[in-house]
K.L.:
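Take this structure first; my questions come after.
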Amino acid sequence: MNLRFDERDEAFRQMVRSRIAQILPWDISDRHRRLLANTSHLHDQRRWFAILDAEGWSVPAWPVEHGGTGWTALQRFIFEDEMYAADAPEFHWIGSHMVGPVLYTFGSKAQCDRFLQPIRDGREIWAQGFSEPNAGSDLASLRTQARREDDVYIVNGSKIWTSGAFEADWLFCLVKTDTQGKPQRSVSCLLIDLRSPGITIRQIRQINNEAHLCEVFFDDVRVPAENLVGEEGLGWTYAKFLLDHERTTSSFIFWIKRELTRTRELGRTVVRNGRQLIHDPIWSGRLAVLAAEIEAHEWSVLRVLSEESSGFPITAAASVLKVKGSEIQQSITALQVDALGEQSLRDYGAESLDASTDPIWPDLYQGRTSRALITRAATIFGGAQQIQKNLLAKLALGL
Amino acid sequence: MNLRFDERDEAFRQMVRSRIAQILPWDISDRHRRLLANTSHLHDQRRWFAILDAEGWSVPAWPVEHGGTGWTALQRFIFEDEMYAADAPEFHWIGSHMVGPVLYTFGSKAQCDRFLQPIRDGREIWAQGFSEPNAGSDLASLRTQARREDDVYIVNGSKIWTSGAFEADWLFCLVKTDTQGKPQRSVSCLLIDLRSPGITIRQIRQINNEAHLCEVFFDDVRVPAENLVGEEGLGWTYAKFLLDHERTTSSFIFWIKRELTRTRELGRTVVRNGRQLIHDPIWSGRLAVLAAEIEAHEWSVLRVLSEESSGFPITAAASVLKVKGSEIQQSITALQVDALGEQSLRDYGAESLDASTDPIWPDLYQGRTSRALITRAATIFGGAQQIQKNLLAKLALGL
Amino acid sequence: MDFELSEMQQMVVDSAERLVTAETGLDQWHARRKLTDGVDPKLWVKMAELGWMALVIPEDAGGLGCPMEDLALLMIELGRGLVTEPLISTSVLAAHVLDRALVSERRAHWLGRIATGEVRIALAHEEPHTNGTIGVSARRIEDGYMLDGQKAVAFDAPSAGYLLVTSELEGTSALFLVARESTGIATNSYALIDGSRAADLTFASAHVPSDGLIASGAAADRILNEALDRARVALIAQAVGAMEVALRITAGYAKERQQFGQPIGKFQAVQHMAADMFVAAYQARSALYAALRDIDGDASKRARSVAMAKVVAGMAGQTVSRNGVQIHGGYGVTDEYVISHYYRRLLVLEKQYGGIDLNAAKLALCEAEA
Amino acid sequence: MDFELSEMQQMVVDSAERLVTAETGLDQWHARRKLTDGVDPKLWVKMAELGWMALVIPEDAGGLGCPMEDLALLMIELGRGLVTEPLISTSVLAAHVLDRALVSERRAHWLGRIATGEVRIALAHEEPHTNGTIGVSARRIEDGYMLDGQKAVAFDAPSAGYLLVTSELEGTSALFLVARESTGIATNSYALIDGSRAADLTFASAHVPSDGLIASGAAADRILNEALDRARVALIAQAVGAMEVALRITAGYAKERQQFGQPIGKFQAVQHMAADMFVAAYQARSALYAALRDIDGDASKRARSVAMAKVVAGMAGQTVSRNGVQIHGGYGVTDEYVISHYYRRLLVLEKQYGGIDLNAAKLALCEAEA
């Protein structure tokens, strides 16, 4: 065991940092800083992906033969850390972190040829159709059906909480291809063109005014059979592969570190009782404890990334990242809201504004409460906190 | 609704306060202040009960014909508040708050004649035998049996967590008198002389060095049938009566208020970084929030005492008192421990010491950590916090 | 001490319950976003007709002279219905200020206008907390005063005809009553997250006639603090009502919503989150009662009890609204489920006129100075 | 960055595991209460023979020159076994001070004695926090120094032959090495709640020879802070070990203990408390790693990382020990179940050399001054 940072990693960080500073358009990072929504601006994201693709950096984790970088896990960690620190748009997770890996692992050559490049360069954006109105945390009760007829599947049913479906191009969708069999063997993965006839998309307005989550309805939607991923009935296997593949994403570590920086800025911007808030011992005490939790959280991520061996399955450690990460997201945004006091109550609406010229409302204030509101979802989506803790008790402790 | 205090209640408080000051022996309150244990010193308690009995104040809540005071619920509240504030020993709950009420409500005249007076004057001390090694929170699985033979019951089995059994005179005991019937109709209440042959008592050393909790073993213990309370099979009814009867005791409100006073004293006694701890904004902030919680908690007790009408059963409100009361007991003792820092780590052993002459260790320090350690039991005994919350969800919310 | 409702109190509660049932709900709340100033004029008139604006105004000034307990009961009901009409600004806060600052006919005139719902008055007190902004100060001129500076987040100002403006004047405090649309006053209005409205006010050589100064020095501070504490009690009462309904809605949802083959309310984790909500809401109501006991009493005791209640109700509001959303799962963070509106309203009620943090700091200072 | 154990590390861990398995457990802990000074001399010798006292002492002074990672791994194992032998005081804290304060032969002499387990040295640094007590100050006399004043809760002092005493000297800091039984030094020994021992020390014209002053001024402060941070890391590592075992014991209990017809581990509430323990223990180990990364680096970064780890591990220790006791029910608060011993030990580990509160305040100051 040797926990000192390697000089080479530090050099890599410097290289990445200066290159991002060169290639990231100023208007993108500026807009990104004032974002009200919790997800990056899609147009900016596409532009940024195209730029990264030209650099060969848009899908660092993919195998080199599919356009990956060949970086170590720690280097990929550093790269993403720097992307966030630079206020760059984030990865479009569904395509780069889910669909891509599933396709190059289980998909056909034709699927790889058709789909991977548009993911790499941001031309095609993917959404993910897992949850259904009656199957939130309980994915075993999926009902959306795909009936095979000759060389097409006829899909009927609906999905919910499909992030960004209204502006996405494709849907990576779990469907039931077998209504008789065991739930574990009856689910398949289909790639569905979101412009197919029979698809209706409804945006759901959220607590923070965004309407990014969608409901997607399928009414006899015809999907070419070649869009089946791998084998029928193995949908669960692929979904599980995804979760195992993406062990550290749910830690939100980079997002959290960026918000920590913003919180510190807030502490120096807000003046209360004639002094900067950062000099209020109670507020800075909360900040300090949170910063300590974040430091530890970051090391938890590094441990999982490095697959540290221990007496329990690594999936348990991944659950720790999710549980702690979602808690911290909520704590840090709450601390921002508290910093702003009554000024936190302003509703900025759904659209991000131009740069502020009003000294009462510095740019930094915009989006803080919006973020805090939607962050209540951190303990809900991607497996509610309750489910995560059930899982932990079982995986790590055998309860 | 009118929430202002009545002048007459304030006058009553003054009367009680000055009378207690007159009759409470100085050595008792002095010892009581330096107590390491969580329960009052039994010898002092007996002395104090005798004094209170002479005053006619030893069992204020009992009907006047049994020696009660005829005070209103609020007056009894004030009386007890003043007892604690004066560092008097507390009531010996089991006798005065449990056995007495059960006997004068369900017991025979002979039982009342025999048992009530010695409870009133502290001559006979009672313990309570409810829990068993395999029935902690789950009282339905009691196993201690009482087999009727002519005019005696033969008792076999064991009880655990029996507070003070080693120094008590009598045991108020739940036993199974029917091994076939439904659990709800198979339990009875027996009054058992703790000096009966066949009884073995083992003291259990606790986390705070006290050994007040006991295990009581029954080996063919013969109990006269006249010591059956009420009817066979109605043990649950009587136990439930007790709980309904004692809605506010588990709030620990008076205990908590006394610890709040001590915590404030600590804040002025401890000097840290050259200033009194009370001037440390983080510590005094924690104290302030806790004091606010305690103020609200006290009003919760008053609402239950006054049987405020609301949309849910009053037993739910009583559970709130237990849940919140035990949380606060833990928070306030933790705040004391934090105040003492490294000095909180000293182990004082089990026996209270004489008044301190060492300025490093003022009397006030003694017992703080001991109290904090045993207070972990507040969320365990008398219905674990988990059980209380199950109950609340059911009673108040229908879940 | 008596927890039973008087006849008058029962009447207030019943009328409020009827109005809340008839006039609130998701559709209405969504519709209110389109009101320019956050106030539905018809609803305002109805409330005035029910006597609510007159409730705590003294009888000698045309009010009903009811105690604060009655107001709290009304506010609990309005909190249940998420009613954000600017009742507190006008009929609690401004009414108290004008009752104490004005005398004889002028007092009767203004309190009468408030009691009938004819006028709305907002407090402009808080100043922005960043560099580059300046607070309001006044200077004496020949025929009155000239005000300069800025106020931020003046609750309910967009719909108010008049403002109560706190200001520095010759080294001491001053309280002005001015028409909001006077020359030299610019209003920057915006919505808050619960759909109510607030504004920043910029005073640029704003002229106030001599009688616009209604209190100054220690009296101004005292009156303002009294009025703010009464307004805080009203906010706390609304929070209690909001929590009790959020709890009911969430328990209802937990009984209906099926996951893993049973209602989610059968899961112990959900039960415990709900139980924690219940405990919190109970505790908040108790804190409200404690504040009501002291609201007309000794100033330092009053300030302390109100701050305590603001802290307890604020923390309780967080527990209730957070657990309520959590139990609702994904639906909890949508605008389409009412629980998210309770969440936002409870956040406003926590922060308005000082959040948990500011009140805890105030109490900590009391502890240190005791 | 590499999380795999080296051969040396594996050896240390294995030997510690063996010793812990053989030498600890309830009966041993109960027996240790009767030791007068808290140290089992046989165990001490065994530990010395295993090279543990020499572990982080530089090779040029007769030590093994291992990095702090190795020490942390050893401490994790000792934490598992609730070993309270005064290893940290002597072979971490005092060893570092003497390594940095002494030179050449004298350094080799003292470090050699520590490495072989021949001597035990305790730090007397903290001063009592009440009125009526006075801290230690020194004045120069002809043939050395005279010390007066008091130290409180000097950990492990009762079994130590020597003391490292911090003192004021001519307006600056000074660090003395003195024999504990020197004339003028009175030791008031007592047990701590985990069975270890501490003492208050009263210096009344205690004479220290000239070479007893081993560092002064900024150097004394720097050396002491470095040594304390290393000791803190060792405490944190022990806490990590204690948490991991408390977790295992509790999970085991939850699988065995039946209530309401099933193991209590089947109840979701118990599962979630246990899951929270797991998360906390995981987080604590991560914090330890962060501190280890910076332990030999830049002073302010080191102090910050160690304080962070002390806070995180402190809070985690509370979660683990509190939930562990809660899941054990009544048995959790008895001396007869080991979980209560983990509870007490984790409380000591949290508070020793600064608890959550002091370290959080230190970090808050860093935030403000950054």
Side-chain angles (χ1 to χ4, degrees), chain B residues 1-6 9 74 264 267-268 275-289 291-312 316-317 319-321 323-324 327 385-386 388-399, chain C residues 1-6 9 67 69-70 72-73 244 247-248 250-251 254-255 263 265-266 268 270-279 282-290 292-293 296-297 304-305 307-313 315-316 356-357 359-368 370:
Chain B
M1 174 182 283
N2 169 5
L3 303 175
R4 323 294 156 121
F5 261 133
D6 193 313
D9 293 326
L74 185 57
R264 289 186 167 127
R268 297 183 190 289
R275 64 180 174 189
Q276 288 174 307
L277 186 59
I278 195 85
H279 292 290
D280 173 320
I282 294 184
W283 191 85
S284 60
R286 286 172 68 193
L287 174 64
V289 169
E293 289 262 30
I294 292 169
E295 175 82 18
H297 186 52
E298 182 166 4
W299 274 86
S300 295
V301 173
L302 292 172
R303 291 166 67 193
V304 174
L305 268 186
S306 311
E307 307 194 12
E308 181 193 28
S309 57
S310 68
F312 44 81
S319 265
V320 169
L321 300 186
V323 167
K324 201 77 209 175
E327 267 177 33
Q385 202 78 331
Q386 301 95 291
Q388 293 294 336
K389 290 188 180 177
N390 291 351
L391 199 69
L392 261 176
K394 191 173 161 189
L395 285 176
L397 307 170
L399 298 183
Chain C
M1 207 176 53
D2 175 12
F3 296 102
E4 297 300 309
L5 302 199
S6 69
Q9 289 171 335
E69 280 91 336
D70 300 26
L73 290 166
E244 289 173 358
L247 181 58
R248 190 166 50 67
T250 303
K255 278 180 239 180
K266 291 289 164 210
Q268 202 183 20
V270 171
Q271 291 175 355
H272 285 200
M273 280 191 273
D276 288 340
M277 293 168 74
F278 184 79
V279 171
Y282 198 88
Q283 183 82 344
R285 191 184 261 264
S286 297
L288 169 65
Y289 290 177
L292 283 168
R293 177 196 54 200
D296 296 319
R304 195 147 174 270
S305 289
M308 280 183 162
K310 200 81 170 57
V311 166
V312 171
M315 296 191 306
I356 297 166
D357 46 3
N359 282 289
K362 197 193 281 185
L363 291 169
L365 211 62
C366 293
E367 291 287 351

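Below, read A as the first sequence line, B as the second, and so on, with proteins coming before strands; counting in each chain starts at 1.
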K.L.:
Is B:Leu302 in contact with chain C via its backbone, its side chain, both, or neither, using a 4.5 Å heavy-atom distance?
P.N.:
both
K.L.:
Counting only heavy atoms closer than 4.5 Å, note whether C:Met315 contacts chain B via side chain, backbone, both or neither.
P.N.:
side chain
K.L.:
Drop me the distance from C:Glu4's CD to B:Asn2's CG, to the nearest 0.5 angstrom.
P.N.:
12.5 Å
K.L.:
Hey, are the side chains of B:Lys389 and C:Gln271 touching, using non-hydrogen atoms and a 4.5 Å cut-off?
P.N.:
no
K.L.:
Can you find a heavy atom in the side chain of C:Ser286 that is under 4.5 Å from one in the side chain of B:His297?
P.N.:
no
K.L.:
Counting heavy atoms not belonging to B:Lys394, are there more than 12 under 6.0 Å from its NZ?
P.N.:
no
K.L.:
Of all the heavy-atom pairs spanning B:Leu3 and C:Asp2, show the shortest one and how long it is.
P.N.:
CD2-O, 4.3 Å
K.L.:
So which part of B:Gln386 gets closer than 4.5 Å to some heavy atom of chain C, the side chain, the backbone, both or neither?
P.N.:
both
K.L.:
Evaluate the criterion side-chain contact (heavy atoms from CB on, under 4.5 Å) for residue pair B:Arg4 and C:Asp296; output intermediate values, then yes/no.
P.N.:
CA-CA 10 Å; B:Arg4 323 294 156 121; C:Asp296 296 319; 2.9 Å; yes
K.L.:
Does any heavy atom of chain B fall under 4.5 Å from the side chain of C:Ala370, the backbone, both, or neither of them?
P.N.:
both
K.L.:
Given heavy-atom pairs under 4.5 angstrom as the criterion, report whether the side chain, backbone, both or neither of C:Ala361 touches chain B.
P.N.:
neither
K.L.:
Tell me, for C:Glu367 versus chain B, whether the close heavy atoms (under 4.5 Å) come from the side chain, the backbone, both or neither.
P.N.:
both
K.L.:
Could you tell me which portion of B:Arg286 (side chain, backbone, both or neither) has an atom closer than 4.5 angstrom to a non-hydrogen atom of chain C?
P.N.:
neither
K.L.:
If we define contacts as heavy-atom pairs under 4.5 Å, which of C:Gln283, C:Met308, C:Arg285, C:Met1 has the most with chain B?
P.N.:
C:Gln283
K.L.:
C:Arg304 versus B:Glu295: any side-chain heavy-atom pair under 4.5 Å?
P.N.:
no
K.L.:
Taking C-beta and beyond as the side chain, do B:Val304 and C:Tyr282 meet within less than 4.5 Å on heavy atoms?
P.N.:
yes
K.L.:
Among B:Ala393, B:Gly285, B:Ser300, who wins on heavy-atom pairs under 4.5 Å with chain C?
P.N.:
B:Ser300
K.L.:
Could you tell me which of B:Glu307, B:Arg303, B:Lys324 has the largest number of non-hydrogen atom pairs under 4.5 Å with chain C?
P.N.:
B:Arg303
K.L.:
Take B:Leu397 and C:Arg248 through the test side-chain contact (heavy atoms from CB on, under 4.5 Å) and record every step on the way to the result.
P.N.:
CA-CA 8 Å; B:Leu397 307 170; C:Arg248 190 166 50 67; over 6 Å; no
K.L.:
Answer with side chain, backbone, both or neither: which region of C:Asp276 has an atom nearer than 4.5 Å to a non-hydrogen atom of chain B?
P.N.:
side chain
K.L.:
Quick one: of B:His279, B:Arg268, B:Arg264, B:Met1, who has the most non-hydrogen atom pairs under 4.5 Å with chain C?
P.N.:
B:Met1
K.L.:
Taking all non-hydrogen atoms of both residues, which atom of C:Lys266 and which atom of B:Leu399 are closest, and how far apart?
P.N.:
NZ-C, 4.2 Å
K.L.:
Count the heavy atoms of every other residue, nucleotide or ligand shown that sit under 6.0 Å from NZ of C:Lys362, and state whether that count exceeds 12.
P.N.:
yes
K.L.:
Which one wins on heavy-atom pair count under 4.5 Å against chain C: B:Ser310, B:Ala396, B:Ala292?
P.N.:
B:Ala292
K.L.:
Is C:Leu365 in contact with chain B via its backbone, its side chain, both, or neither, using a 4.5 Å heavy-atom distance?
P.N.:
neither
K.L.:
B:Glu308 and C:Tyr289: which non-hydrogen atoms are nearest, and at how many Å?
P.N.:
OE2-OH, 2.5 Å
K.L.:
Of the backbone (N, CA, C, O) and the side chain (C-beta and beyond), which part of C:Val311 lies under 4.5 Å from a heavy atom of chain B, both, or neither?
P.N.:
side chain
K.L.:
Between B:Pro281, B:Gly398, B:Gly311, B:Ser309, which has the largest tally of heavy atom pairs under 4.5 Å with chain C?
P.N.:
B:Gly398
K.L.:
Please give me the minimum heavy-atom distance between B:Asn390 and C:Gln268, naming the atom from each residue.
P.N.:
OD1-NE2, 3.1 Å
